[in-house]
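Note that ligands are numbered from 1 as they come in the structure, with each ligand's atoms numbered from 1 the same way. Nothing here was measured: the structure is a model prediction, and the numbers come from that model.
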Amino acid sequence: MTRMPCYFHPDQLLFKPAYEWAFGDKMRHSESTKRAESIVRSLKENKDKYELMKPERIQLKAIRDLHNYQLITLYSTAGTLPEGKTVFPSIFPKGSRDYSADPTNIYHAGYYCFDSGTPLNRQVWTAAAWSASNSVEAARRILKGKERVIYSLSRPPGHHASKDKFGGYCYFNNAGLAARVLRPKGRVMIVDIDFHHGNGTQELFYKDDKVFFASIHGDPREYYPFFCGFPSETGAGKGEGYNLNVALSGGTKLKPYRDAIRKHIIPAIHRFDPQFLILSAGFDTYYQDPIGNFDIHTDDFYEIGLEFNKLNLPTIIVQEGGYFTKDLGKNTVSLLSAFV
Ligand code: Q9C
Ligand code: ZN
């Protein structure tokens, strides 16, 4: 039996965001290294099913295929910050005239960012580049056709990052980068099951009819990212009809959650008839998650995984959120086990 390849690089752990600002409060940062450590531990406990591997380091041109030069430059500017120094963007220029910004000036970071919870420091570029390397390597490997399902332990996560902006703990859009690798070879379906709407991924492919983005998440009237993720957002131009948002209220349990997947997302996938599936897998739908607010339990992730495994498509599972670190590893393995 071949084990599921799982990509991860230890240097992803060099980035340690200490705290964050949320609604004016300073708090412990949710996106800690304990998250990835919990997942690695669980994968190692199930060595018979999962094979941990290091990716090749992503090349600049693969990132440039999705993100703009300024955003990348800003991260390399962050790499020159003194050890221990953290910069939180807090000035977000907007208005009727166009502002110009300089990504070699760290004080301009807010031009390339949309919230105050996503810090920059000396290590962020290294960790984010390895995080992206995992999903790109997974995509290249899926094209070889030897394995049907591959897991990318991407941390920091990616689905809130767009072409030119970071935020929501995300720097590079790992799922989006994988989609760009697959797109020349066929239609790509991205399904985002993180508790939060994947605004970055939506924006990247909003006008694209070859990459269909579907997301099921907490209602943005109540939950982050607040300004998008509404069912009325259905795509634009050629991409009209190739974007789907399913917004659910707080407290949602497995049954209504799975019913919504079966009623809205699965039929859309069948109509689209993709060659590849990318699952943006957040686990902040877990009932104990400190940020998310659904009522999904460990075994439920297996049930959710089955819905997507049934499609029998070449699949890349890309890690997104999930902040109850103690159980994150077992929740991840529960989802993955539906595919082995
Ligand atoms: N401290 C992902 O799950 N704000 N990002 C939360 C509470 C941002 C979550 C405020 C949440 C972003 C990938
Ligand atoms: Zn999330």
Could you check which N/O/S atom of Asp194 is closest to the Zn ion (ligand 2)? OD1

Tell me which donor-acceptor pairs under 3.5 Å the side chains of residues 265-275 have, and how far apart each pair is, sequence neighbours excluded?
| unit_1 | atom_1 | unit_2 | atom_2 | d |
| --- | --- | --- | --- | --- |
| Gln275 | OE1 | Arg187 | N | 2.7 |

For a distance under 2.8 Å, tell me if Asp284 has an N/O/S atom near the Zn ion (ligand 2). yes

Under 2.8 Å from the Zn ion (ligand 2), can any N, O or S atom of His196 be found? yes

Please collect all side chain to side chain donor-acceptor pair (under 3.5 Å) contacts where either partner lies in residues 199-225, sequence neighbours excluded, each pair once. Asp115-Tyr224, His160-Asn199, Asn173-Thr201, Arg183-Asp208, His197-Gln202, Gln202-Glu233, Gln202-Asn243, Gln202-Asn245, Ser215-His217, Asp219-Arg221, Tyr223-Asn293

For residues 141-150, the side chain to side chain donor-acceptor pair (under 3.5 Å) pairs (sequence neighbours left out) are Tyr7-Arg141, Arg141-Glu147, Arg148-Asn309, Arg148-Asn312

On the six-membered ring of Tyr112, is Lys165 placed so that its NZ or CZ lies under 6.0 angstrom from the centre and within 45° of the ring axis? no

Could you list, one pair per line, each nitrogen or oxygen of ligand 1 together with any protein nitrogen or oxygen closer than 3.5 Å, giving atom names and the distance rounded to 0.1 Å?
| unit_1 | atom_1 | unit_2 | atom_2 | d |
| --- | --- | --- | --- | --- |
| ligand 1 | 1 (N) | Glu20 | OE2 | 3.3 |
| ligand 1 | 3 (O) | His196 | ND1 | 3.3 |
| ligand 1 | 3 (O) | Asp284 | OD2 | 3.0 |
| ligand 1 | 3 (O) | Tyr323 | OH | 2.6 |
| ligand 1 | 5 (N) | His160 | NE2 | 3.3 |
| ligand 1 | 5 (N) | Gly168 | O | 3.0 |
| ligand 1 | 5 (N) | Tyr323 | OH | 3.3 |

Using 30° and 60° as the class limits, which term best fits the ring planes of Tyr257 and Phe294: parallel, tilted or perpendicular? perpendicular

Phe88 side chain near Asn121 side chain, heavy-atom distance below 4.5 Å: no

Any Phe15 side-chain heavy atom under 4.5 Å of Tyr171 side chain: yes

